[in-house]
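A quick write-up on the structure given underneath.
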Amino acid sequence: ERFATVDPEEFYSFIDLRPQARYNSLGQREIIWPANEFYFSRQPRLEHDIIVGVGAEPHLKWRTFTNIIVETIKRCNVYQSFTLAALWADVLYSAPVQFSGSATDPDLVRRFGLGSGSRYEGPTGMVGVLHDMLRQQDFISASMWANMPYYVSATPNPKGILALVRRGMEVVGLSGTFPELEEEARDFDTRVAEAIEQDPKIAAHVRELERRVARRDKPRSALEQERTMSGDDL
C-alpha cells in the first residue's frame with residue numbers, strides 16, 4: 001500500500017526525464033510524472049513490516065533529496081536499509097547472475113557474501129550518496145548490485161529482474177516462485193544466444209569469457225602449469 005511520494009518538481013530536469021502521456025481506464029489522457037514512491041507491507045509471517053521505495057535517480061539537489069529519504073527512514077523506525085540495483089559488467093550472459101556490493105554490518109556481509117566496503121574511487125551515484133549518509137548516522141545498510149553483461153544492453157532484462165526479485169525476497173525473509181518471470185528469463189537467454197551468433201565480434205568475446213570461467217574452475221595445479229602472462233601480452 002502506497003503511503004508516501006516525493007514531489008518531483010525540485011529534483012528533476014523534465015527535459016532529460018520527460019513526463020509520460022498515458023490514457024487511463026476511463027479513456028482520459030493524463031500525465032505521469034517521474035515518481036519516487038514508498039509502499040508498506042505488513043507480513044504476519046515475519047517479525048517486522050516491510051517498506052519498499054521505488055524511484056529514479058534525481059538530477060538536482062542530491063543532498064536535499066537524500067535528507068528526505070533519511071528522514072522517512074527515521075520516521076518509520078526502519079532498522080535496516082537495502083538498495084537493489086544492476087550494473088554493467090564483463091560477465092557471461094548465460095551464467096547465473098552474480099551480485100556485488102557492500103554492507104555496514106558484519107552479519108549482513110556474511111549472510112549475503114558482500115564486502116565490508118567497496119574499494120571503488122571516482123564518480124558515484126545517488127545510491128552511493130544515500131549509503132554514505134546512512135553510514136554517517138550509524139544506520140545499518142547494504143548495497144547490492146546484479147552484474148549484467150554490458151554487451152547485452154536490452155532493457156528490461158528479465159533475467160536481471162528475476163535475480164533482483166529473488167534477492168529482495170531473500171533480504172526481507174520471504175520465499176516465493178515466479179513461473180512467468182522464470183519463463184521470460186529462459187526465453188531471453190535463448191534470444192540473446194541467437195543474436196550473439198549473428199555478431200562474430202561479440203560471439204568471439206563470449207567464447208573468451210567462457211574460457212575464463214573454465215580456467216577459474218580448474219584445479220590449482222592445472223592453473224599453475226599455464227604460462228604466466230607477460231607485461232607485453234597485457
Side-chain angles (χ1 to χ4, degrees), residues 1-43 49-73 75-76 78 81-88 93 97 123-131 143-172 174 176-192 194-195:
E1 182 176 338
R2 190 177 73 173
F3 73 95
T5 62
V6 179
D7 188 337
E9 184 71 17
E10 298 295 320
F11 303 107
Y12 292 93
S13 165
F14 297 130
I15 295 176
D16 297 315
L17 184 61
R18 292 182 179 272
Q20 301 290 309
R22 303 270 176 84
Y23 283 93
N24 60 25
S25 58
L26 301 176
Q28 300 167 330
R29 188 171 180 271
E30 60 184 10
I31 302 299
I32 309 298
W33 296 91
N36 283 272
E37 301 176 313
F38 296 87
Y39 301 80
F40 76 87
S41 175
R42 294 190 174 95
Q43 295 291 332
D49 299 328
I50 301 167
I51 292 175
V52 179
V54 182
E57 184 177 72
H59 302 119
L60 309 167
K61 299 184 178 180
W62 281 20
R63 286 183 293 185
T64 303
F65 186 90
T66 306
N67 283 327
I68 290 174
I69 304 300
V70 173
E71 182 61 28
T72 303
I73 288 172
R75 289 188 181 188
C76 295
V78 172
S81 298
F82 299 85
T83 54
L84 294 168
L87 55 78
W88 299 126
Y93 78 95
V97 176
T124 190
M126 188 69 234
V127 170
V129 174
L130 174 61
H131 281 286
S143 176
M144 304 181 188
W145 297 81
N147 289 241
M148 306 307 300
Y150 76 89
Y151 50 87
V152 183
S153 57
T155 55
N157 184 322
K159 188 172 182 178
I161 294 170
L162 177 61
L164 286 167
V165 168
R166 285 172 168 165
R167 178 51 61 99
M169 296 289 281
E170 182 184 3
V171 163
V172 299
L174 294 174
T177 57
F178 311 94
E180 292 183 4
L181 193 51
E182 289 166 1
E183 183 177 355
E184 286 184 34
R186 287 191 295 269
D187 291 344
F188 184 77
D189 263 0
T190 301
R191 294 197 304 272
V192 168
E194 293 171 352

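For the single chain, residues carry numbers from 1 onward in sequence order.
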Nearest heavy-atom contact between R29 and A21 is NH2-CB, 3.4 Å
Under 3.5 Å, which donor-acceptor pairs do the side chains of residues 30-40 form with other protein atoms, sequence neighbours left out?
residue : atom : partner : partner atom : Å
N36     : OD1  : A56     : N            : 3.4
N36     : ND2  : Y12     : OH           : 2.5
E37     : OE1  : Y39     : OH           : 2.8
E37     : OE2  : R2      : NH1          : 2.6

Counting C-beta onward and ignoring hydrogens, is there a side-chain heavy-atom pair between W62 and E57 closer than 4.5 Å? yes
Under the side chain to side chain contact (heavy atoms under 4.5 Å, CB included) criterion, do V6 and T72 qualify, and how do the steps go? CA-CA 10 Å; V6 179; T72 303; over 6 Å; no
Can you tell me how far the CD1 atom of I69 sits from the OG1 atom of T64, to the nearest 0.5 Å? 11.5 Å
Measure the spacing between CZ of R166 and CG of L84 and express it to the nearest 0.5 Å. 14.5 Å
Starting at CG of L162, measure out to CZ of F178 and round the result to the nearest 0.5 Å. 7.5 Å
If every non-hydrogen atom of S13 is compared with every non-hydrogen atom of H59, which pair is closest and at what distance? N-ND1, 2.9 Å
Return the set of residues passing side-chain hydrogen bond (donor to acceptor under 3.5 Å, both in side chains) with D7 (not counting sequence neighbours), or none when no residue passes. none
What distance do L130 atom CG and N67 atom CG have between them, rounded to the nearest 0.5 Å? 10.5 Å
So CD of E9 and CG of L60: to nearest 0.5 Å the spacing works out to 10.5 Å
Counting only heavy atoms not in E180 (residues, nucleotides, ligands), do more than 12 fall under 6.0 Å from its CD? no
Criterion side chain to side chain contact (heavy atoms under 4.5 Å, CB included) on I51 and F3, from CA distance to verdict: CA-CA 10 Å; I51 292 175; F3 73 95; 4.0 Å; yes
Spatial distance of atom CG (D189) from atom CD (E194) [nearest 0.5 Å]: 11.0 Å
For a quick test of your reading: what N or O donor-acceptor pairs under 3.5 Å do the side chains of residues 144-151 make, sequence neighbours left out?
residue : atom : partner : partner atom : Å
W145    : NE1  : S143    : OG           : 2.8
N147    : ND2  : Q98     : O            : 3.2
N147    : ND2  : S100    : OG           : 3.2
N147    : ND2  : W145    : O            : 3.2
Y150    : OH   : H205    : NE2          : 3.4
Y151    : OH   : V91     : O            : 2.8
Y151    : OH   : Y93     : N            : 3.0

Heavy-atom closest contact (Q43 atom, I50 atom, distance): CG-CD1, 3.7 Å
Return yes when atom CD of E183 has more than 12 non-hydrogen atoms of other residues, nucleotides or ligands closer than 6.0 Å, and no otherwise. no
Determine, step by step, whether F11 and I68 satisfy the side chain to side chain contact (heavy atoms under 4.5 Å, CB included) criterion, reporting the C-alpha distance in whole Å, the side-chain angles of both residues, the deciding distance to 0.1 Å, and the verdict. CA-CA 12 Å; F11 303 107; I68 290 174; 3.6 Å; yes
Quick one: does V129's side chain get under 4.5 Å of R63's, heavy atoms only? no
